[in-house]
S.K.: 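Next up is a structure, given as structure tokens.
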Amino acid sequence: PALLVAFEKEYGYALRAEDFVDGGCYANPFRLPGKRFRDWMDFVQRKVSSVVGELVDIVHKNGKEAMMFLGDDWIGAEPYGKYFKDMHLDAVVGSVGGGVTVRMLSEIPHVKYTEGRFLPYFFPDTFFDGNEDNAVAELNRNWVTARRALLRKPLDRMGFGGYLSLAAKFPKFVDRVAEICDEFRAITAAAGKARPHCGLTVAILNEWGTIRSWMSHMVAHELWYQQVYSYQGVLEALSGLAVNVKFISFDDVRAHGFDEDIDVVINVGDAYTAYSGGKNWADEKLVSAVRGWVRGGHGFIGIGEPTAYAQGGRYFALADVLGVDKEVGFTLSADKYNLDKHAHFITEDVRGEIDYGEGMKNIYALDGAEVLDIVFSDRFKRRYSVGEVKLAANECGAGRGVYIAGIPYSPQNARLLHRAVMWASHGEGELRRWFSENPAVDVHAYASSRKYCVVNNAAKPQSTTVYRGDGSSFPLSLEANEIR
């Protein structure tokens, strides 16, 4: 109540219960926030950062450091918020669920160092008699996924949590932890503060922008949800790819357009969520700004239901950029003839079927777009108005658009996204620089330290051709999960 009273005094109006209840959705991050809730968020951030700053100053006066645990809830202490610096923290530590949480932690500004607590936690639900092999398997899965991101932007420290007495009963687990710690030291020694090779810059466009960097579609610490894993995989893939990643909001675009270093924009999510954009796409100035930027020679990738806002006879506001739209029953009488599947640069490394996760139904290609993957029902046999497009590429002025139905994380999907980004930015000729032909193997280069590494992300031995920065290549074989 004290905060609500202080809020009313400062802003000149009182908040209502509905501002928080939000029709039963409780203003969760998937919702588009209204002005009143944004005011409340700003107010709470200022209050929390101020109080924490005072407490941290007391800690510092007593010669100690202050570390915040980034747990399941950090209301008011948003690490990418504009008031986070006022907390004067020395460090942030958090649980590592995969590459996304590594990047979420390692890129936090205004602290001296960051730390990740790796899985599994030393708790009885994992560390019980007869379960050592499963504990080691979980450790390996967590490490290999997180390692991709560490090689792009390492944490300063690593650790584990729980009861050491339980872990001590598993000698194979302890030995594997020792090996992983040695790998971590090698990575931080090689990468450290060095800037890794990056082919281009990708920006994730949604309602939140910077304040939820590496947090979109995340529930708690990367908990699996059927409704989000097909989108969460986009960030998991990006966390280990050789690209710079930014997070921008619709308001950023309205205010000053796109930064000059951005090559490709990605809009991903379900219709009418904060991540796809909802009513933002009713703003013709915004739509025109994005369309004009793409047509000027840049790239736009849409995943799921990007730019979805039904108006003007279209479901996707940027259907002309993406080369696809979604049939929702309003244009059934308009025949659709673009059904032929084409080979393409984006799909050159695909082996077998592409995994789109939950995918998306009723997507069709517009005339002029290239269909790269389409699924047909066995119920109908005809040459128009059938099939569901899963992957498409489209020329738009001097720019390019790509549509993908969903991207759960896998090495093959990470490669698919990498190729999509390179194609959308007209960067096909730059792909094979610090590059591996095998999608299960990554290459990371650090020019300032004159070092590079090749890492096998698979649990089986892999062979590949590795390309250096000058385009020269050599064959290489790696043991399971090996880094060299």
Side-chain angles (χ1 to χ4, degrees), residues 94-106 115-122 126 132-155 157-161 167 170 172-191 196 214 218 221-224 229 232-242 349 355 407-418 434-444 452-464 466 476-484:
S95 176
V96 171
V100 177
T101 37
V102 166
R103 295 293 292 268
M104 182 181 73
L105 289 164
S106 66
E115 178 182 327
R117 300 279 171 84
F118 287 75
L119 300 179
Y121 274 72
F122 305 163
T126 299
E132 183 170 16
D133 288 343
N134 289 331
V136 173
E138 183 179 354
L139 172 66
N140 284 331
R141 287 193 301 272
N142 183 245
W143 171 246
V144 170
T145 306
R147 183 175 62 181
R148 293 180 65 249
L150 289 168
L151 288 162
R152 304 307 303 170
K153 178 66 175 178
L155 296 160
R157 306 196 325 190
M158 70 169 293
F160 292 85
F170 285 3
K172 288 190 295 184
F173 181 89
V174 172
D175 289 344
R176 181 60 182 138
V177 167
E179 294 172 355
I180 286 173
C181 288
D182 287 339
E183 274 193 38
F184 180 85
R185 294 185 185 99
I187 289 171
T188 54
W214 298 105
M218 186 184 296
H221 274 288
E222 296 195 62
L223 292 181
W224 187 93
Y229 77 94
Q232 176 77 357
V234 176
L235 290 188
E236 192 64 50
L238 288 173
S239 73
L241 291 183
D349 289 327
D355 179 10
I407 305 184
Y409 174 71
S410 69
Q412 176 160 285
N413 277 358
R415 174 59 57 83
L416 181 79
L417 182 60
H418 189 191
W434 300 117
F435 178 80
S436 160
E437 288 287 1
N438 185 339
V441 177
D442 288 335
V443 182
H444 304 276
Y452 71 94
C453 74
V454 185
V455 56
N456 179 9
N457 297 315
K460 297 180 180 179
Q462 299 288 322
S463 295
T464 188
V466 174
L476 184 66
S477 295
L478 297 168
E479 296 300 320
N481 299 143
E482 182 183 358
I483 180 171
R484 190 184 302 179

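Heavy-atom basis, side chains included; hydrogens, waters and symmetry copies ignored.
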S.K.: Val443 and Tyr452: which non-hydrogen atoms are nearest, and at how many Å?
M.R.: CG1-CD1, 4.5 Å
S.K.: Where do Gly99 and Ala149 come nearest, in terms of heavy atoms and distance?
M.R.: O-CB, 3.3 Å
S.K.: Nearest 0.5 Å, what's the CG-CD distance between Leu241 and Glu236?
M.R.: 10.5 Å
S.K.: Hey, could you give me the CD/SG distance between Glu482 and Cys453, rounded to the nearest 0.5 Å?
M.R.: 11.5 Å
S.K.: Would you check, one step at a time, whether the test side chain to side chain contact (heavy atoms under 4.5 Å, CB included) holds for Ile180 with Met158?
M.R.: CA-CA 10 Å; Ile180 286 173; Met158 70 169 293; 4.0 Å; yes
S.K.: A side-chain contact here means heavy atoms from C-beta on lying under 4.5 Å apart; do Asp133 and Lys172 qualify?
M.R.: yes
S.K.: Apply the test side chain to side chain contact (heavy atoms under 4.5 Å, CB included) to residues Arg147 and Asn481: give CA-CA distance (whole Å), side-chain angles for both, the deciding distance (0.1 Å), then the verdict.
M.R.: CA-CA 10 Å; Arg147 183 175 62 181; Asn481 299 143; 4.2 Å; yes
S.K.: Answer yes or no: does atom CD of Glu479 have more than 12 heavy-atom neighbours from other residues, nucleotides or ligands under 6.0 Å?
M.R.: no
S.K.: OG of Ser410 to CG of Leu416: how many Å apart, nearest 0.5 Å?
M.R.: 8.5 Å
S.K.: Evaluate the side-chain proximity of Leu476 to Val441: yes if any heavy-atom separation is below 4.5 Å, no if none is.
M.R.: no
S.K.: Can you name the one residue among Leu151, Leu478, Val454 that meets side chain to side chain contact (heavy atoms under 4.5 Å, CB included) with Ile483?
M.R.: Leu151
S.K.: Any chance you could measure Trp214, atom CH2, to Met104, atom CE, to the nearest 0.5 Å?
M.R.: 11.5 Å
S.K.: Please tell me whether Asn413 and Asp355 have a donor and an acceptor in their side chains that are separated by less than 3.5 angstrom.
M.R.: no
S.K.: Determine whether the side chains of Gln462 and Asn456 contain a donor N or O and an acceptor N or O closer than 3.5 Å.
M.R.: no
S.K.: Look at Asp182 together with Arg185 and state whether they make a salt bridge at an N to O cut-off of under 4.0 Å.
M.R.: yes
S.K.: Restricting to side-chain contact (heavy atoms from CB on, under 4.5 Å), what partner residues turn up for Pro120, sequence neighbours left out?
M.R.: Thr126, Phe127, Glu138, Leu139, Phe173
S.K.: Heavy-atom distance under 4.5 Å between the side chains of Leu150 and Trp143, does that happen here?
M.R.: yes
S.K.: Ignoring hydrogens, what is the shortest heavy-atom contact between Ser463 and Asn438? Give both atom names and the distance.
M.R.: O-ND2, 3.1 Å
S.K.: Minimum heavy-atom separation for Val96 to Ala146, with atom names?
M.R.: CG1-CB, 3.8 Å
S.K.: Between atom CD of Glu115 and atom CG of Leu105, what is the distance when rounded to the nearest 0.5 Å?
M.R.: 9.5 Å
S.K.: On a heavy-atom basis, which atom in Arg117 and which in Phe160 lie closest, and how many Å separate them?
M.R.: CD-O, 3.6 Å
S.K.: Could you check whether any side-chain N or O of Ser106 sits under 3.5 Å from a backbone N or O of Lys153, counting only pairs where one atom can act as donor and the other as acceptor?
M.R.: yes
S.K.: Under the side chain to side chain contact (heavy atoms under 4.5 Å, CB included) criterion, do Ser95 and Leu119 qualify, and how do the steps go?
M.R.: CA-CA 8 Å; Ser95 176; Leu119 300 179; 4.0 Å; yes
S.K.: Is Arg103 close to Ser239 at the side-chain level, that is, under 4.5 Å between some pair of heavy atoms?
M.R.: yes
S.K.: Out of Arg484, Arg148, Arg152, which one pairs with Asp442 under the salt bridge (Lys or Arg N to Asp or Glu O under 4.0 Å) rule?
M.R.: Arg148
